[in-house]
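Take a look at the structure set out below.
A quick note: this is a predicted structure, and the numbers were derived from the prediction, not measured.
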Amino acid sequence: MNCDIDDLENQAEMEEKTRLINQVLELQHTLEDLSARVDAVKEENLKLKSENQVLGQYIENLMSASSVFQTTDTKSKRK
């Protein structure tokens with residue numbers, strides 16, 4: 001009878017260990033997926049920063065070339 005109880009306890013321990021191992025493996029995969037996503041977002045962020053710099057420079061060049069955005073002397077226009 002003690003043998004049956006020991007066998008049941010061992011089986012329960014093995015099932016618990018198997019469950020925990022599976023949970024750890026699942027968490028590892030989740031971590032890998034999240035890490036890959038973070039890397040992709042960082043890469044996209046760098047790309048967008050670069051594009052924003054180019055667009056900012058383009059807008060700045062357009063503004064400097066346009067007479068609408070040139071500084072004017074308001075006193076001379078009032079006369």
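With sequence neighbours excluded, the residues forming a salt bridge (Lys or Arg N to Asp or Glu O under 4.0 Å) with Arg19 are Glu16, listed by chain and number. Residues satisfying the side chain to side chain donor-acceptor pair (under 3.5 Å) criterion with Gln28, sequence neighbours excluded, are absent altogether.
If you chain together ILVMFWY residues whose side-chain heavy atoms come under 4.5 Å of each other, Leu25 ends up grouped with Ile21. Cluster partners of Leu20 are absent, since no Ile, Leu, Val, Met, Phe, Trp or Tyr has side-chain heavy atoms less than 4.5 Å from it.
Put simply, the side chain of Lys42 does not reach to within 4.5 Å of the side chain of Leu46, judged on heavy atoms.
Here side chain to side chain donor-acceptor pair (under 3.5 Å) pairs that include residues 29-41, with residues two or more places apart or in two chains, number zero.
Expressed to the nearest 0.5 Å, how far CG of Asp4 lies from CD of Glu9 amounts to 11.5 Å.
Judged purely by atom type and a 3.5 angstrom limit, Asn22 uses its side chain to pair as donor or acceptor with the backbone of Thr18.
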Between side-chain atoms of residues 50-61 and protein atoms elsewhere (two or more places apart, or another chain), which donor-acceptor pairs fall under 3.5 Å?
residue, atom, partner, partner atom, Å
Gln57, NE2, Asn61, OD1, 3.1
Asn61, ND2, Gln57, O, 3.4

